[in-house]
Amino acid sequence: MEQQLMSPEMTFQHHTDDAEFKRRVRKTTILLSVITIFELAIGLTIYTIHKGENPSHLLVLMFKGMVCILTLAKAYYIVSVFMHLGDEIRNMIMTIVVPLMLFIWFITAFLIDGNSYKNLRNKYDSHFRESTSVEHKPAAKE
Amino acid sequence: MSNEANLHGHTEVVTTHPVHHDEHHVHHHKETFVTKYIFSQDHKMIARQFLITGIIWAIIGGLFSVLFRLQLGYPEQSFPILETFFGRWAAGGKIVPEFYYALVTMHGTILVFFVLTAGLSGTFANLLIPFQIGARDMASPFLNMLSYWFFFLASIVMMSSLFIETGPAAGGWTMYPPLSAVRQASLGSKLGSDLWLVSMALFIVSSLLGGLNYISTILNMRTKGMSMTRMPLTMWAIFFTAVLGVLSFPVLLSGAILLLFDRNLGTSFYLSDIVVNGEILSNEGGSAILYQHLFWFLGHPEVYIILLPAMGMVSEILSVNSRKPIFGYMAMVGSLFAICILAFLVWAHHMFVTGLNPFLGAFFVLLTLLIAVPSAIKVFNWLTTLWRGNIRFTPATLFAIGFVSLFISGGLTGIFLGNSTIDIHLHDTMFVVAHFHIVMGVASFFGMFAGVYHWFPKMFARYLNNTLGYIHFWVTIIGSYLIFWPMHYQGLAGIPRRYLDKRAWASFNQFADLDKMITVVSIIVFAVQLMFVFNFFYSIFKGRKVRTQNPWKANTLEWTTPIVAGHGNWEGEIPEVHRWAYDYGKDGRDFIPQTEPIGENESKDH
Amino acid sequence: MASTATVHQTKWWSGGKSPFNLEYGKLMMWYFLMSDAFTFGAFLISYGTVRFSQNFWPDPNVVFNAFPGAGHANLPLAFVSVMTFILIISSVTMVLAVHAGHNNDKKGVVKWLFWTIIGGLAFLSCQAWEWTHLLTGEHAALVNGHIELLPQTTSINPWGPLVDHSVAIDALKNSTPQVIARLVHEHDASHSLPHLLSLPKEELLGMVNTAELHVRQTGPVAFGGYFFGITGFHGFHVFSGVIINIIMLIMTQKDVFARRGHYLMIEKAGLYWHFVDLVWVFVFLCFYLI
């Protein structure tokens, strides 16, 4: 039998040759850097939008959404290439990815309730509303 | 070359811990008292450690409930003996309010976490996983040992909080802020709460170490032929329990850390607009509801962490003792899986009256009621497993049947509570107390008792005394219903839980006698549990000896080990598995162990 | 050996072998990381929940705009991008260390682990600087009708909405000479602070550059709690990662893995290290970008 000294799993199944591996790492590194630079650019864009007259909230929201998507892309590359999850058996990938789906409801429910708490307080707690909202618009930006 | 070489984790242990390597092959020789009984890395010993620690905690937690039941049943009477024992906490023989709240809080904390989480899954996961999947030990015996000792540390911290001057935490087992976050709010919110949080953090580390071990052992170390769908249902249940724990306990850890910060570093995660004794606190902008969300994100899965192992053991015990295959094996696995997923999605049904967004609440109602489906499937399958079986009424079987009964009665009231509109009326009343005690507390205890009676021969190579077992069962089941059934009526009438003294409300006086009855019964039931503890320890040393390898004539692998299994469980090779665990009464044979190859002419139904 | 994977292809779950072709330690590490993801997830989601429950939340570009040695220059996102790149680079060096381990190349492991540790330490130093900067900062904030100079701590947040100019001027008149002296000093360092402090309040008021006077209300205190709490928890992970890597380095040096015949431990340490990087990606997103 083949497993004399070691059990079969001790084979490193992601046995790619050195050149191929180096190329992949280089590619991923560049990709991560580019995405990060892109994110920074968007961050600065948001900053300038805030600085300008009448900032468009929709535009800001759109940019923020874009950053979130870019971050997920970054996370994907880190997990799949750097952590070699992409090289594992499909079932293994599933046991990691599927439980993470719980985050969808986790995030959604928490944020909806946080938002609803704000609305409740704005409605019933006038002190909260007055002391925290930005009423005097002209000075609200830098 | 063999199975053993195939057991990778095992091989890995050998490579990383050379000392261990020796132990496997020359076991019994090098063990000292310390390595055998204290810092043991053997799963069987760790299981016993968990069980005995759990029993000690159960006695303490149970005693606490008897004490506050005295107050609830006899609010006008004083018991001088209480003052003798508890001094100023029971001045004049009457339980003072701070003491009452401390008792209620500690009763919940101890039983939920220390007994029914650590004591139940700690015991049976450790005992059964290597036995039933066919492994020498856990994937990492060392981490397994650490898991127990973190639990022990958590126990020490929690125990010490019982003896400090200001008393233990007294804000309810859920530790809601602001009460638990503001020191000056009550006696129990002082040092006691810090100790509670530290103890809980240690406990979470313990359960994490345990859970990771259980998962990787079940996935990685099954013996040859033991495919996932050939595993006994106990294994599936424990597997899902571990998944629940690994994914939900960290959220409680986060919540507890934030609470510790609020208490000690002046942050305002949970605090806003608070006045204590006329003093306005500077904390602002936090959300107390946030803690509840975080707590219940663990808290609800926690309910199933408690319940699932009991379900698994009950399935196994019912099948073995009715000499019939389990009915609907795949449906059982599927419903366990469904429960495991739904457990994560329904936490806010504990929070319908916190001002939770009603629109969001509607989704939580829907998801909550969905749990009725897998639960009903399980109940149906247990009943059909029993149906027309050749039932052996051992104490274990009785407790397993009792579990089913309690699960049905307690589960039905869950449907009431899961509806947000009805919950407005029932929230925080005795109805809730009755519901969760029956469905989660007592039912899981029944599962645990069933497990102890069933696997005691494997643990200690002796039997528990049967007569005491029958007394134990009948008094406990009747007592449980007598205690908790009337509480439904109290709750429907609006009696709130956790109240020290209800005499001020004339409409509640009609229940005064009922409360006395509940108190008396709970004392009797507690006494019978002490009898069980006596039976347990007496039988360890003096019980009837086990003479055969397979006393229950069961199919699973643990009964193929020697009566007193050494370190490594099987002498020689680990047996190979050829069939599922439930071939009872097949082809005219009473039972066919998993190790027996499929015969030539064997019928095909599974 | 490499072909074993294909031999068992059809019977992964039949028992007697790992269904994932992984040894248990790596499996446990993965599931531990998943569990840790829920810890961090819970923190970040709590942060989001509290942020969603507020009418106002500080703009990160205003809060994090300093760079070591750049004085009061307004450089939003600059420093944190340095920190981010440090972590990405250290992640790359870790990948190379793990790869060297696969090839049983001790020298390579030592070299790349060393650079990873340096990267971790650099990151921690950056974080230490940023924390110090925030905790010792002095930002003009309106408190009960006068101006105070407040730092960013777990219980104080000076980053509320900007105050109307006229209100700020009034508040300035109510403020103590010490505060006014510091405000003058901040914009014009040519006056020494002791000298300014000796001047009468009237004279100081005349010296304030009112056009450049930005006064803010105090903001939501939870901001600081979450910032220090979560970056602190992340920093703790980086710190323990560095410790783990140092232990790995020592073990490699002592040929522990060479004797063992494999560098699987490096791989597990690597998983942990990448996870730290992964968490930072999300911390970066939640605190600095949106």
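Throughout, protein chains are lettered first and strands after them, A, B, ... in sequence-line order, and every chain is numbered starting at 1.
- For A:K74, the part sitting under 4.5 Å from any heavy atom of chain C is the side chain, from C-beta outward, and nothing else.
- Between C:N21 atom CG and A:N91 atom CG the span is 12.0 Å, to the nearest 0.5 Å.
- Side-chain contact between C:Q54 and A:R121 is present, with at least one heavy-atom pair separated by less than 4.5 Å.
- In the displayed structure, C:F85 atom CZ is contacted under 6.0 Å by more than 12 heavy atoms of other residues, nucleotides or ligands.
- For the pair A:M83 and C:F275, the minimum side-chain heavy-atom distance is below 4.5 Å.
- For A:Y76, the OH atom is loosely surrounded, since the number of other residues' heavy atoms within 6.0 Å does not exceed 12.
- Proximity to chain A (any heavy atom under 4.5 Å) is shown, for C:A78, by neither the backbone nor the side chain.
- Of the two parts of C:P19, only the backbone, made up of N, CA, C and O, holds a non-hydrogen atom closer than 4.5 Å to a non-hydrogen atom of chain A.
- Residues C:L285 and A:C68 are in side-chain contact: their nearest non-hydrogen atoms beyond the backbone lie under 4.5 Å apart.
- Residue C:L33 touches chain A through its side chain alone, counting heavy-atom pairs closer than 4.5 Å.
- No more than 12 heavy-atom neighbours from other residues, nucleotides or ligands sit within 6.0 angstrom of CH2 on C:W115.
- At distances below 3.5 Å, not a single donor-acceptor pair connects side-chain atoms of A:R129 with backbone N or O atoms of C:N55.
- Residue A:Y77 qualifies as open at atom OH: its count of foreign heavy atoms under 6.0 Å is 12 or below.
- For A:Y47 and C:N65, the side-chain atoms include no donor-acceptor pair closer than 3.5 Å.
- C:Y288 does not touch chain A: none of its heavy atoms, backbone or side chain, sits under 4.5 Å away.
- If you tally non-hydrogen atom pairs under 4.5 Å between each of A:F103, A:F63, A:Y117 and chain C, the highest count goes to A:F103.
- Between C:W12 and A:M92 the shortest side-chain heavy-atom distance does not fall below 4.5 Å.
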